[in-house]
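As structure tokens, the structure follows; a few thoughts come after it.
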Amino acid sequence: MTSHFEIHTATKAQLRTELLSSGLGEKFANDTEKFLDPARKESWELSRFLIASRVFGLLKTDCSQDFMSLELSEIEVLTRNHQGRGIPPAVFIENQQIPWTFSLSHAGDNYALAICRQPQFRPGVDLVNTSTFTLAALQMWFTPEEREYLANHDERAAGTLWALKEAVYKSVNHGEPFRPRQIEILPEGRKLICRVRGIQVHFDEAVIRFIEKDCLLAAILTKQNSFSNSDEDYFDNKTSSHSLNDASHELIMH
């Protein structure tokens, strides 16, 4: 099956080197004066550069006549609205938004970007360090059913469920706050079942893999028109589920 989205990963060191080589450090450092923490400032710069550089590479690879003369400096990335709130990344070229959807995550020294070129789909991606999960944290973040499942599994399983929760939230939310226990992820046999506010949600695609020993990536894709803004039918009430491949199944059941 052909994938509807692609995932790009990079380390902080790789992005620093690429940004330095591009000569566009000042461009991507724009608006960082609002961050007092140097680490947040750097994350802002590198995240925006990751998006712009990967979009630039994809457009050039397509060899479209529309973008043959395109320069990386011409790509603008918007990740906050006029009120300063974070939004799903949007990319503009000559003030025209390209009809792709994006999701971004970083954890420690690792960054991940999910890109879908079909606007009817919306990706969600998250990175977690699986060694940071504790039993105390489980009481706050997971539902009783998830805690029952995790009682017989290690921190990798907890990290997998948490990363999937974050990825689902990024894919389906419309600006509401993240409430982890409203999103429930449970393996049932060889399938992964997701319920949001008790309603089962369909994944068009799902990816789960470790990019380093303790750094796990989870990404999912849903159709944008499956969700509305009303409380009653906010989430698509489907009864289908997503089958995991063998490698992903082993991660979540480990």
Side-chain angles (χ1 to χ4, degrees), residues 1 3-5 7 81 85-89 100-105 112 114-116 118-128 130 133 137-153 156-209 216-245 248-249 251-253:
M1 182 182 70
S3 177
H4 289 101
F5 71 158
I7 300 167
N81 62 20
R85 292 183 176 180
I87 59 173
W100 298 2
T101 53
F102 306 89
S103 182
L104 182 72
S105 181
I115 301 176
C116 180
Q118 301 180 56
Q120 70 269 31
F121 293 100
R122 188 175 176 189
V125 67
D126 193 57
L127 295 175
V128 300
T130 58
F133 288 85
L138 302 185
Q139 303 303 312
M140 181 181 300
W141 292 343
F142 295 102
T143 68
E145 290 77 11
E146 288 171 329
R147 293 198 297 270
E148 181 179 354
Y149 164 75
L150 292 170
N152 299 313
H153 297 82
R156 286 194 169 191
T160 301
L161 296 193
W162 177 255
L164 283 164
K165 282 176 181 277
E166 290 264 20
V168 169
Y169 168 73
K170 292 177 181 180
S171 181
V172 305
N173 91 90
H174 289 267
E176 73 279 3
F178 179 41
R179 295 186 174 93
R181 283 188 289 184
Q182 289 189 350
I183 301 173
E184 183 175 75
I185 310 287
L186 287 171
E188 291 186 6
R190 295 186 63 81
K191 293 183 177 180
L192 187 68
I193 306 299
C194 174
R195 297 182 179 90
V196 183
R197 300 180 188 173
I199 298 173
Q200 195 159 311
V201 175
H202 173 70
F203 296 164
D204 288 275
E205 292 187 51
V207 175
I208 304 170
R209 67 170 184 257
L216 181 138
L217 178 150
I220 65 106
L221 192 70
T222 60
K223 283 188 177 178
Q224 289 205 60
N225 60 7
S226 295
F227 309 99
S228 71
N229 288 317
S230 67
D231 289 338
E232 291 78 16
D233 60 354
Y234 187 84
F235 296 101
D236 186 27
N237 189 4
K238 295 186 178 180
T239 57
S240 54
S241 57
H242 186 84
S243 297
L244 298 178
N245 61 34
S248 298
H249 184 73
L251 290 179
I252 201 166
M253 300 296 288

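Reckoned from all heavy atoms, side chains included, excluding hydrogens, waters and symmetry mates.
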Q) Is it true that a side-chain atom of R147 and a backbone atom of F142 form a donor plus acceptor pair closer than 3.5 Å? A) yes
Q) Roughly how far apart are T160 OG1 and I208 CD1, rounded to 0.5 Å? A) 6.0 Å
Q. Looking at A112 and L217, what are the two nearest heavy atoms and their distance?
A. CB-CD1, 3.7 Å
Q) Taking it one step at a time, do Q200 and I193 satisfy side chain to side chain contact (heavy atoms under 4.5 Å, CB included)? A) CA-CA 7 Å; Q200 195 159 311; I193 306 299; 3.7 Å; yes
Q. Does E176 reach the main-chain N or O of H174 with its side chain, forming a donor-acceptor pair under 3.5 Å?
A. yes
Q.
Which heavy atom of V125 sits nearest to which heavy atom of A219, and what is that distance?
A. CG2-CB, 4.0 Å
Q: Report yes if the side chains of F5 and F121 come closer than 4.5 Å at any heavy-atom pair, otherwise no.
A: no
Q: Run through E184, Q182, R195 and flag the one making a side-chain hydrogen bond (donor to acceptor under 3.5 Å, both in side chains) with T143.
A: E184
Q) Do the side chains of V168 and I185 get nearer than 4.5 Å, heavy atoms only? A) yes
**Q.** Interatomic distance, L104 atom CG to L127 atom CG [nearest 0.5 angstrom]
**A.** 9.0 Å
Q. CZ/F178 to NZ/K170 distance, rounded to the nearest 0.5 angstrom?
A. 9.0 Å
Q) Quick one: which of T222, T101, D204 gives a side-chain hydrogen bond (donor to acceptor under 3.5 Å, both in side chains) with S171? A) T222
Q. If we only count heavy atoms from C-beta on, is the N173 to R122 side-chain gap below 4.5 Å?
A. yes
Q) What distance do L221 atom CG and H202 atom NE2 have between them, rounded to the nearest 0.5 Å? A) 9.5 Å
Q | Aromatic ring pairing F133/W141, orientation class (parallel under 30°, perpendicular over 60°, tilted between) | A | perpendicular
Q: Write down the atom of S103, the atom of G124, and the distance for their closest heavy-atom approach.
A: OG-CA, 3.4 Å
Q: Over all heavy atoms of both residues, which pair between I183 and C194 is shortest? Give the atoms and the distance, please.
A: CG2-SG, 4.4 Å
Q: Just jot down the salt bridge (Lys or Arg N to Asp or Glu O under 4.0 Å) partners of E146, sequence neighbours excluded, or say none.
A: K165
Q) If you measure from OH on Y149 to CG on L138, what distance do you get to the nearest 0.5 Å? A) 12.5 Å
Q: Look at atom CD of E148 and say whether more than 12 heavy atoms of other residues, nucleotides or ligands are closer to it than 6.0 Å.
A: no
**Q.** A163: side chain to side chain contact (heavy atoms under 4.5 Å, CB included) partners, not counting sequence neighbours
**A.** D126, V128, L216, A218
